Each structure stands twice: as C-alpha cells, then as structure tokens.
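Here's a structure for you.
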4 protein chains.
Amino acid sequence: MVFFYPSGIGVKAKIAVNGYGTIGKRVTDAINSQPDMEVVGATKTRPTFEAKLANLRGVPLYAAAKEFVSRFEDAGLEIQGTLDDLLPQADLIIDCTPKTAGYKETYQKAGVKAIWQGGEKHDLTGVSFNSMANYNDCYGAQFVRVVSCNTTGLLRTLYPLYTEYGIDNVLAVMIRRSADPWDTQRGPINAIEPVLKVPSHHGPDVQSVVPDINIQTTAVKVPTTIMHMHSVVAELNKKVSSDDVIDLWKATPRIIFVWGSDGIRSTAQIMEYAKDLCRERGDLFEIAVWEDGVHVVGKKLYYYQAIHQESDVIPENVDCIRAMLELEEDKLKSMEMTDKYMGVC
Amino acid sequence: MVFFYPSGIGVKAKIAVNGYGTIGKRVTDAINSQPDMEVVGATKTRPTFEAKLANLRGVPLYAAAKEFVSRFEDAGLEIQGTLDDLLPQADLIIDCTPKTAGYKETYQKAGVKAIWQGGEKHDLTGVSFNSMANYNDCYGAQFVRVVSCNTTGLLRTLYPLYTEYGIDNVLAVMIRRSADPWDTQRGPINAIEPVLKVPSHHGPDVQSVVPDINIQTTAVKVPTTIMHMHSVVAELNKKVSSDDVIDLWKATPRIIFVWGSDGIRSTAQIMEYAKDLCRERGDLFEIAVWEDGVHVVGKKLYYYQAIHQESDVIPENVDCIRAMLELEEDKLKSMEMTDKYMGVC
Amino acid sequence: MVFFYPSGIGVKAKIAVNGYGTIGKRVTDAINSQPDMEVVGATKTRPTFEAKLANLRGVPLYAAAKEFVSRFEDAGLEIQGTLDDLLPQADLIIDCTPKTAGYKETYQKAGVKAIWQGGEKHDLTGVSFNSMANYNDCYGAQFVRVVSCNTTGLLRTLYPLYTEYGIDNVLAVMIRRSADPWDTQRGPINAIEPVLKVPSHHGPDVQSVVPDINIQTTAVKVPTTIMHMHSVVAELNKKVSSDDVIDLWKATPRIIFVWGSDGIRSTAQIMEYAKDLCRERGDLFEIAVWEDGVHVVGKKLYYYQAIHQESDVIPENVDCIRAMLELEEDKLKSMEMTDKYMGVC
Amino acid sequence: MVFFYPSGIGVKAKIAVNGYGTIGKRVTDAINSQPDMEVVGATKTRPTFEAKLANLRGVPLYAAAKEFVSRFEDAGLEIQGTLDDLLPQADLIIDCTPKTAGYKETYQKAGVKAIWQGGEKHDLTGVSFNSMANYNDCYGAQFVRVVSCNTTGLLRTLYPLYTEYGIDNVLAVMIRRSADPWDTQRGPINAIEPVLKVPSHHGPDVQSVVPDINIQTTAVKVPTTIMHMHSVVAELNKKVSSDDVIDLWKATPRIIFVWGSDGIRSTAQIMEYAKDLCRERGDLFEIAVWEDGVHVVGKKLYYYQAIHQESDVIPENVDCIRAMLELEEDKLKSMEMTDKYMGVC
C-alpha cells in the first residue's frame, strides 16, 4: 500500500484503537491531528460517558466483543459493529486495553500490526519503543510495545546524557501518583506505599530500550492523582556543568523547563501551567524538568522531573505508527511532524 | 460612545482586568472570545508563570502598582506600565484581586465602571449579579458584584424552580473543596472542617440577588481541590415530578446533566468529562446536576450539583459587562451570545 | 447458667469474636476490660499483623474455617483450632466479618447467640440495637444487629431530642470518610462522591431502632480517612434554646463537646484530642458535637457532629451482650459499667 | 546537686517544657514516666484544648510570656505564672517552640541548661545529639540540639552500618509528609513538591552528628499526614548479605521491622500496628524498616524506612537530658532505661 505521507499521494494510514479510555481517547485525537494517519474506529466494553463522547466527536465506535453489544443497545448508543468488524479496516491497531487482556492472537489472525502500551511486558513483543532512543529498531516491525509513562520520562532525559556524556550509573526514585484523576476507586487516601521489590521494574524497563544504561530504581506510591515525580541522580562519565546539561536538554524535543522561582513549586502548578498552554484536556506531552532543581556536584547530576502519566506517551505512539508502517524513515522528522500537529514544544 | 455590538458599527468595549490569576485569566479569554468586547490589559503583582503566559498570549501586561515594577524588570518581563496607565484605556475593569484589596476609590477617581467577584461583600457595590436572576437590575450600573461560584451555582438551579413552582424553603449543605488545584499552601490534607457559623453566609448571599428565596445553608470543607458539591433539599410550593424538574432545568442555560449510570460517579469523572468536551483549560462553565440524583418525595426535591469553582462565574462576568455597558438589553440574548462564543452548553 | 455479674458469684460470660479486624480487635479489648465478660477466642482468615498481635496480647486465635488453617501453619503462627472449635465454648459470638459472609446458620446450629454489625441489614436479625434507645427490646434476644457507626451517631443525639422535645422532622447530610485509616486500597484520592440513592439508607436505619423519628438523609463520600461528619437540621416540636439542647446532651452518656474556639476546628483536631485523652488506639467512643456549632433558629436546631467510625459502636456491643445474655436489666446501669471500664466520658 | 538516679538518693531532675504542643506534650509524658526526672511545668501561648489537657493531666501550666496571661484568664484557665516563674525551678528546659522563637538568651540569664529540637540550626548550640551516635559528646553540655525526626531516623539505621561495615556513600530520598495530622492549615492536598535546593539539608544534618558519613539527600513533600518515608541506598565498604544487615539492626535499639507479607504495605498499616501496640497516642518511637524491602545488590544496600515525625525524637530527648545533667554515663544504660519506662521495643 502507498501511504499518503511523505509522497503526498496515496491514502492516510488507517489506525484502529482498542480501548477508548484514558490513553485511547488521547491517541485517537493525536492521530486525527496528523496529516498522514487517521482513526477508523475505536472500541469500548461499556456505554460510558467516554463512549458517548466518541460518538459525539465522530469517532466510529465498536463494541470490543460480541458479548458487549447488548450493553450499547440497552443504553441506546449507536455502534458500528464489533472489534472483528473493525480489524479488517485497519493497517495497525493500538491496544489500550488493561494489561490483563490478551489480544495478540486476534491481531495476528487478522494480519494487523499492533502497538501495546507500557503496562504490558517487553516479552509480549520483544521490542520496546522510545522515539528518540530506538525509532529505527522498530522500523517495519509487526508488534511493538511503547514503554510506560515513567520509562518514557526516564528515557527522554537520560538518553541525551547517555549519548553526549556517557552514564556511569543512575539511581532514580519514582514518587508515583496512585491513581489517575478520574479513577476514584483506588487509594491510598493518606499513606505512602513503597514498592518492596527492589530495585523496581523501571530500571530493567529502561534497559529494554537502551540496554547499556546502568540504572537502578526504587518506587513509592503517594496519595496524589496528577503527576509522577522522579528524583534522579546520574553519575556521568564526563565532568559537565548544570548549564551544559540544561543546554543539552533545551536542544532535545519533548522536554520543557519550569522554575520554582516562577511559582511552579509542585506538580499542581505544572498542571495549571499546562492548562494555560491550552493543550487539549490540559495535557502535558513533554517531560517537565525544574531548571532550578538541576544541580551538578562532582560528576553527579541531580534533577527532578514530573511526568503527566496520561499523556507523555501519546507522541511516542504516533511516532511508533510511522516507524512500524514505514511512513517516515527519519526519527527526527517524524517527531517534528508529530509535535507540530499536536502542539508539543 | 457607540459600541460595536449590536449595531455592527462602532468599537468593541474596552475591558481591563485587575489581577491576572485564576479568575482573571479565564475572564480575559472569555472576553476576547466575544465579538463586542476585548481586554486592553491585565495586571499582576509578581512575574509568575501566569504573567509570562499573559505576554506569550498577547495580553498587554501591567504592574498592579508602581512598587511592583522592579519585580518585573528584575525578571526581565516586559510590562506596558502600571494600573494607572491602564485605567484610562478601559470602559470597565474586572477586579479579580484577593478580597483584601480595596481599589474602589481608585476606580471611582478614574471614572471607570467596575465588577468585583464574590469574595467581596454585597455592601461594596449594593448590587449583586446573576445573569438569569437579575440582569436588568444591573443594567447601566456603575459598580456591581458578581456573586461567588457557590452562590452562582445555587441561583442557576433555584431561580427557575422559584419562578416556575415557588419555593417554600431550601436547605443546602455545601461540601466545599478546600483549595484550588494550583493552591498547594492550603490544607487540610486529611480532615473535614465545618463552618461553625450557622446558617452559613451562602443563604444570605443568594438573597442578595433574589431576596424572596427562603434558604438556609451549612458548609463543610473537605480535602479535595476539584469541585464544590451541594446537597440540596428544596420544598416546592407545587407538587411536581422529578421529570418535570429535569425538563425545566434542561430548558435552562448553563445547567448540564450527568449520570452515575454513565460512570460519572463523582466530581472526578465530571472533570474528566469536561476535559473531553475540550473546553479551554478543561473548565466546566455549567453547573453539573446528577440526573439520577434528582428525586422528589412529596413536595421535597432532593438533588446534588457540582460547581467548578474556577470557571462557573466566567460567563456571568461577560453578561455583567454587557448589562453595565448597556451593550444588550435582553438577558437571554446576552447569555446566548456569551455561551455561543465560549462554547458553553 | 449463672453469670458472674451482678450477683458476684458464678462465671464471666464467654464471648467469641468472629473476625479480629478493625471492629473485632476493639470489641475484644472492650469486653476484656469488663468484670462480667471475657473473650474466649477470636478468628482470622489470614496470618496478618493483627493475627500476630492477637497472639501477643493473649487472645486465643482460631482460623475462621478449615481451609485457612494451612495459611497460619505456613506463617508459623499458632492457632487453637477453627471456628467450629471455638463456638461450643461461647455463650455469644460477635460477628465482625465483612457483610458478605453468612454465618447465621452456623451460629444457629451451634446454639450460640450472635451480634452482627451495622453493615448487615435489619432483616437478618429483625431487631437492631442502640443502648439508649432500645436496650430493653433486645433483652434476652437470640440474634441482634448493632446499627452502624453513622446510625449510632444519629441516635445518640436524636433520641434525647425525640424523648424530651419531640421531633417534627430531621434532615441529616452525612459527609462520609471514604476509607478507614489502614485501608489503602480504597479511594477516592481527590473527589467528592454523592450517594445517588436519595434519601440514603441512614434514615430508614435510624427508624429500624426508633420507627417514629421522621428523618431523611443524604450522603457524600469525601477523601479523608479519619471521621464521618454529620450536618444535621432537626425541626423540634418545642421551642428551645441552644443552651437547653446543650444541657440535655451534657446529661446524656457518650456525647462529648468540642469547641472551635479551643482550636478544634475539624475532625483532625478531634482525633488529636482523642489521642491526648489516652484512650486505647486513640479511639473516640463518644460522638463529638461542636458546642459553638449548635444553633437554634426558630424551631430548627442546627448542629454538626463527628463520628469515629472505628470505635463508636464498641460500647454498644458491650451493652448489647449484657442485654442479650440478661446480665443487667437496667440500660443505664449497663452503660455506666461499660463506660467506666472502657474509660468513656 | 545530687540527683535521684542512679544512686537511689537525692531528688529527681527538674525539667521545664517550653511549648506544650506536638513534641512538648509527648516529651512531658515521657519524662514523667521515668524514675529520675519529672516535669515541673510547661508553657503555652494560648488556652487551646492542649492547654486544658495539661491542666487535666496535672501538668503545671504557665503562660509563655506576660502578654499571654490575659488570654488564659479570659478563657478561665488556671495558670501557675509565666516562663519567668518556671525557669528558676528547672535544672533543664526543653524548648519545643516553633523555630522562629529565640529564647537562648533567656535561658542563659536564668542559668538553666536547654535542649532544642531539630527545627533549629546546629549553630545555635554547636552540638547536635543522637543517643546511639554521640551521647558522650553531649555529656555535661549546657546547650544541645536534638536533631530532627528525619535525621534521627537516618542515624538510627546508618550509624550501626557505619561502625560495623563502613559506608562509602549514601543517597537517601526523603518522601516527606506535608503536615502533622492535626495541622489542617497546610497543604498540598493533591501535589508532589520537590525541595529544589539539592542536595537537601538532611545530609549535612546527619554530618552535624557523625561528620564522616558521606551522605547526600533529596526531598519531596507529598500530601499525607502520617509518616515520612525514606528510600535509602547505602554503598557499604564491606560485602554483606541482607540477613547480616537485618541481624545487625535487630540488635540495635529503636528499630523495628515490619513486613509487607503481613499486610503492612504502607505507612497507614504501620500506624495501625502502632495503635495496636497500645502505646500512648498510638505513637511509634522506633524507626520502622520493611524487612522484605531490605535488599543488597553488590555492595549497595537498599532499604525503606518510615518515620513517625511526632514521636521518634522523644526517647532521644530523654537520653539527652541524662547526658546533659550527668545522670548516667553509659549511653546504652540510659537508652535501656528510657525505653523500658516508655515501652519502646
């Protein structure tokens, strides 16, 4: 098939989205903002307000399986069929289902390429994706996993350090929000909960993309909904200044700086800032680094970064589509296009 | 002066905003979305990220007073002058400063009309505003107070009940969010705090707009940032059904319905829904009422409503400008125009 | 059987506790503090820290069923047998299991009297208990339900109003903590969630004890762990002053007063106050009423009360044992004894 | 003066407490539990519920200064005089006032020894205290600072590692509770706030007691009230196993172990466990370490510890009194006595 972009002829790539929820609805909007791809349908298991919104916003809605069809009928919500009807229309499906679901075989049978999210294990696909770090490894691939929000965040800032200066070792402590803003079932309401498996899985997850980064991580869950925070200490192979690092990151896509001195003292003011940037849903697709929190002591670089868990992987999904469907060979060109149409810094 | 609208000739009304913060920045955007008014400048006391954004978004920035000028200079942030330079350019100023500030005399001297927000007392202006309830009372007025987010919320749903059925009495319990999302200084983190002054000030505040509504209120603060909630019991003068009330409210502007059965079980899912509606900043200008939480028992109407404290008063501010500057005589036409350009339901 | 008390001869009543958790461990301590009853054993399904503590504190520990025995063996935690071994030793069992469990038939077969907690429905036992309101109704009963923490709280303050002045009607809004302090699984972290079934079940639950109190209730869940709060408006049959009501409640057991003017502005300071009273676990067995939050307007009495959900029903359980086992005929004498040995005001 | 203990003759040491608040009331109770010291009076600036409780519990109450006397009179609360009346009665005063207060000169003039808390800087006294690490350095001293709850926590676990194995370097990330449970004024309610000064002050604070421990720290504030958490990585000079470390700590006073496998997954269950131990106020004077969170990888030791900010320094204050007043020469004997009478593990 000849795709529309970059030749300017042919058709847009046809993308399906399995699971129109937190990630699914954002991926849908991001894809539809791009000139070379479009969403041909999205699935839901229940007729929730998000399903209704899909219809309102013109996203063709499908039941995720036959057994869910009656739910939509009972709620008077129009659907276009089921996942089985959707798959043949798609060049690639983005799986945004909870990690317990196992659709791999279904996608294989349908002969459709697929992207999973970071809740899945690396072994499911054998290849994990980050736009800057390993776009080319995924070029033309059948099945790829886009790594989680936290791993994406670590790679965004560590990968340029790794290529530019070399990294001796990294210790990152992940202070994790416990639930998404809409997720009112999960706690804790008033506690800090450590991940007792040490080091935590985030280090190996970074290495699933860049095996040579020597990184250990620990993690704690805290009672907030709005962002993850990382306290990172990276021992570099080269002696550099804070300003060197800041300049390096300023030249790197999808990193933005915030300043405590501007009144951005916490994740709450970052989210306020993102709202003021007037992105859709108040999302922050970039990793936010406190410029006045970047400090180099000897060869040790200390920094804090904040991760908008609902949205930082969205541009990576768009790039991953381009790589897998061979829409664009050059990672930087793909990233530039993605960011331009999504309004990313 | 001949204003642009509705004649189609003349100029846009010139509006100044004193205090480009939570309310100020929203009012600015709302005004600039309208065809018949524009913001000529906004003030700040400090060069925060919000001040930087004003500049980025093309809002002429002024220091709120001379003593603050050096702060902006030190931060390298361009300003156009001070409040004294801004006032002569404006037909009307919207005061969004904290309630401790006292600018009335300044505005009087400058001969500029002014709107205050609900943190101020009724006595400051002698007239309090709600678009539906008393637009005409404020027509041509010099100084007006737009009532608070909670009072606006109560009036939105009570006023149509009052005019349509008559109200014997209302008891409303205000379960208040303790801080705005960006406000990380205030607690509590884990407590419920009653307002021991009983009945609370919200009842008299409703009566500052519609004196004949017999309403008592109590209030508690709870550790959440995202919306106020009201549990209301209104004893009506007429026996009606839940469906009657729902139909009445469906015909009323600036009320939207949500459903627990759609998965909107709390204020958190309402805010998610608002994000999905793709309003600027994820705001919800309407009052959200749970349709499956509206129940009539005898003559008592029970309902729950949720109030987006940062934004529900924004359309009222726009209408209030129109009334005070005599841009539009008909409240419904003003509301319709406001809502159309702001994207309100 | 001749029980020890009040005759001074005979033996202590033998009590079993099914479920040594939040309520079970408190009931155990309360019972063991009394001169006329003792706990002969408590069950657990898992070898948690609470199970270990039971052993440490000399409470005979039993597996709740045979299938759980191996869990305790694997954890190296000594148990005395299973529920089947415990039941024959007991005159009465207190069921503190989650409400899904159904042990009624088991207790019937074993011929042991039983008390359930307020999570169960009234129909399970046909009789619901509050010490002050209907002690005598439960005298000698086989199966009784002690009403929930919220219903107990409502009855503590409403029953004296009802008997002394008569109540025309009550509206109570329950602002409910969403999870116990130890319960880190449940949210919400940042939301207010209304109970859309209106009126809520708390009104009928009060009436399961005192059918003639005309009460409607609504309820919202808020993100705090430490106490429920009630905002109550009671329309009395008699015109009285705030001081009359305060005096009445001061003469009523298990109500304490707190003052905003003392710095007790919220549930957090009440819990601090309870810690300073040096009750076991920092519990507050009494209902806390803000004295400076009691206001009478016409015939309407407004007040706020706070409920320590983990402990206010504990003294009622002790009294309920005395009633059911006919250890004491006079409710006030039972309450006095319970309170004396538990250190309740 | 000949003190009572250990000789068995003479009198108890007379201790004053300046500031009967969160720390002050706990120190008072701890001192009064010991055989060789007693509190002769405690001060307050306001007649709060805590002041009332002091009177109730027989602690002689003084106004912190003359200007506060009328507040107590107005509230009808009996006081014994002012700080000036209290000082001459005391051998030593424990300063538990907020860190802005400056009483040093007052104490000097009165010729009374004084202990400050960790909110003060090391320079105020020139000597900082931890029972295990430098008891002898403070023997007979005039003015000493007991380090903060977090620094005390770090020293409790690091000092034995340092003496037994040697420490190459330590990185500790402090995940800090944002407010005490009673403190409802402070936020944030829903945010994570990094301390942008990196490394944070906690490392140098550890070194104020043991200069040779090479430690860097970073810190974030999170919206919880009940405990601080530390994620620590210590690079040891010796290769040891997790079991070695656990055994070492089990032989160290004031460290207790908890297990995720027992259901203690977060700070919330630790606090529940402390309540069940039936310490006064549900306090936890020990540092809680997750045994199943201790992991050694190469020479790197990873562990999590939780700090009860309101109480872990209380036993250190008692030991510090003994050192300064030369009541006991041997640190271990002092610690043993303190712990025995306070019920510490």
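What you see is a predicted model, and the numbers here were worked out from it, not measured in a lab. In the text below, chain A, chain B and the rest are named by the order of the sequence lines, each starting its count at 1.
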> How far apart are the closest heavy atoms of A/Asn214 and A/Asp168, and which atoms are they?
Replying inline: ND2-O, 3.1 Å
> Looking at A/Ile189, A/Val220, A/Val297, which one has more heavy-atom pairs under 4.5 Å with chain D than the rest?
Replying inline: A/Val220
>> Regarding A/Asp283 and A/Arg26, does a basic nitrogen lie under 4.0 Å from an acidic carboxylate oxygen?
In response: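 Judged by the 4.0 Å cut-off on N to carboxylate O distance, A/Asp283 and A/Arg26 do form a salt bridge.
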> Can you tell which of A/Arg177, A/Gln216, A/Met227 has the highest number of heavy-atom pairs within less than 4.5 Å of chain D?
Replying inline: A/Gln216
> Top residue by heavy-atom pair count (under 4.5 Å) with chain A, among D/Thr224, D/Ile270, D/Ile175?
Replying inline: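 It is D/Thr224.
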> Any idea which of A/Pro188, A/Ala191, A/Gly260 has the most non-hydrogen atom pairs under 4.5 angstrom with chain D?
Replying inline: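 Heavy-atom pairs under 4.5 Å are most numerous for A/Ala191.
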>> So, applying salt bridge (Lys or Arg N to Asp or Glu O under 4.0 Å) with D/Glu286, which one of D/Lys250, D/Arg156, D/Arg254, D/Arg279 is it?
In response: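 When D/Lys250, D/Arg156, D/Arg254, D/Arg279 are each tested with D/Glu286, the salt bridge (Lys or Arg N to Asp or Glu O under 4.0 Å) holds only for D/Arg279.
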>> At a 4.5 Å cut-off on heavy atoms, which part of A/Ala306 comes close to chain D: side chain, backbone, both, or neither?
In response: neither
> Can you list the residues that meet the side-chain contact (heavy atoms from CB on, under 4.5 Å) rule with A/Val233, with sequence neighbours excluded?
Replying inline: A/Lys300, A/Tyr302, D/Leu171
> If you measure from the Lys or Arg side-chain nitrogens to the Asp or Glu carboxylate oxygens, is any gap between A/Asp180 and A/Arg186 under 4.0 Å?
Replying inline: no
> With a 4.5 angstrom heavy-atom cut-off, which part of A/Met271 approaches chain D: side chain, backbone, both or neither?
Replying inline: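 For A/Met271, neither part sits under 4.5 Å from chain D.
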> So which part of A/Val173 gets closer than 4.5 Å to some heavy atom of chain D, the side chain, the backbone, both or neither?
Replying inline: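 Just its side chain gets close to chain D.
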> Is there a donor-acceptor pair under 3.5 Å between the side chain of A/His295 and the backbone N or O of D/Leu196?
Replying inline: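 Judged by distance alone, yes, a pair lies under 3.5 Å.
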> Non-hydrogen atoms of chain D under 4.5 Å away: do they reach the side chain of A/Pro194, the backbone, both or neither?
Replying inline: both
